[in-house]
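Encoded as structure tokens, the structure appears first; notes follow it.
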Amino acid sequence: MANRHLLRTITMQTLYEWDFYNKDDKQIDKFIAENIAKFAPDADDKDFVIDSIKGVLKHVGEIDELIEETAPEWPLDQITMVDRNVLRLGIYELAYTDDIPPKVAINEAIELAKTFGGKSSGKFVNGVLGTIYRKIDKDADK
């Protein structure tokens with residue numbers, strides 16, 4: 001598993017844990033430290049996990065609104081926790097980072113969804129992120 005893919009996996013798992021425990025911001029640093037220590041103690045770029053999680057949490061309200069706008073037939077609380085957090089990470093990388101190419105962000109999110117989600121998770125994540133990417137790309141042209 002490539003280093004960044006492993007770090008995205010840890011990020012998604014940490015976001016899942018945060019979501020599972022009712023978005024407990026007080027424990028997020030503990031979740032991050034435990035997951036890095038357990039799954040990637042020798043990783044070179046641990047800050048990638050920390051920065052990604054803190055970025056998602058900083059923008060989670062806006063990110064969740066994007067999910068709701070893009071998938072209106074799926075209320076946020078009815079999207080599986082895995083898919084919801086994969087989408088949060090993917091949208092964060094698409095909309096709030098400049099150093100990750102959009103195709104990489106989308107492909108990585110799809111792979112996480114296929115690995116950890118249900119049978120149709122990959123297609124669902126692809127559809128939502130593809131729609132958001134086209135919207136962002138159109139807005140960038142203005």
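On a predicted model such as this, the values are computed, not experimentally measured, just so you know.
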Minimum-distance pair of heavy atoms, taken over all atoms of [X] and [Y]:
X    : Y    : value
N3   : D45  : ND2-N, 4.3 Å
I91  : L129 : CG1-CD2, 3.5 Å
I110 : V125 : N-CG1, 4.1 Å
A105 : G90  : CB-O, 4.3 Å
V56  : I63  : O-CD1, 4.0 Å
M12  : L89  : N-CD2, 4.5 Å

Q.
Please evaluate residues H5 and E111 with respect to the criterion side-chain hydrogen bond (donor to acceptor under 3.5 Å, both in side chains), reporting the C-alpha separation (whole Å), side-chain torsions for both, the decisive distance (0.1 Å), and the verdict.
A. CA-CA 9 Å; H5 184 72; E111 290 305 313; over 6 Å; no
**Q.** Worked check of side chain to side chain contact (heavy atoms under 4.5 Å, CB included) between E108 and I100
**A.** CA-CA 11 Å; E108 286 288 329; I100 300 169; over 6 Å; no
(Q) So, applying ring-ring contact (aromatic ring centres under 6.0 Å, His included) with F31, which one of Y21, W18, Y16 is it? (A)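 Considering Y21, W18, Y16, a ring-ring contact (aromatic ring centres under 6.0 Å, His included) with F31 is found only for Y21.
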Q) Where do W74 and E68 land on the side chain to side chain contact (heavy atoms under 4.5 Å, CB included) test, with the steps shown first? A) CA-CA 7 Å; W74 286 97; E68 290 172 337; over 6 Å; no
(Q) Walk me through whether Y133 and K103 qualify under side chain to side chain contact (heavy atoms under 4.5 Å, CB included). (A) CA-CA 9 Å; Y133 172 67; K103 292 186 188 289; 5.6 Å; no
Q) If you look only at pairs with a residue in residues 80-96, which of them pass as a side chain to side chain donor-acceptor pair (under 3.5 Å), with sequence neighbours excluded? A)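 The answer is R8-E93, D19-R84, D19-N85, D19-R88, E62-Y96, D64-R88, T80-D83, D83-S121, N85-R88.
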Measuring from atom [atom1] of [X] to atom [atom2] of [Y], what distance do you get when rounded to the nearest 0.5 angstrom?
X   : Y   : atom1 : atom2 : answer
K30 : I28 : NZ    : CD1   : 10.5 Å
L87 : T70 : CG    : OG1   : 9.0 Å
E34 : F39 : CD    : CZ    : 10.0 Å
I53 : N35 : CD1   : CG    : 7.5 Å
I36 : F48 : CD1   : CZ    : 11.5 Å
I50 : I10 : CD1   : CD1   : 10.5 Å

Q.
For V49, is there any backbone N or O sitting under 3.5 Å from a side-chain donor or acceptor partner on K54?
A.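 Absent.
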Q: May I have the step-by-step check of side chain to side chain contact (heavy atoms under 4.5 Å, CB included) for E65 and L76, ending in yes or no?
A: CA-CA 9 Å; E65 283 180 23; L76 200 61; over 6 Å; no
Got a sec: does the [atom1] of [X] have more than 12 other heavy atoms crowding it under 6.0 Å?
X    : atom1 : result
D99  : CG    : yes
K114 : NZ    : no
K23  : NZ    : yes

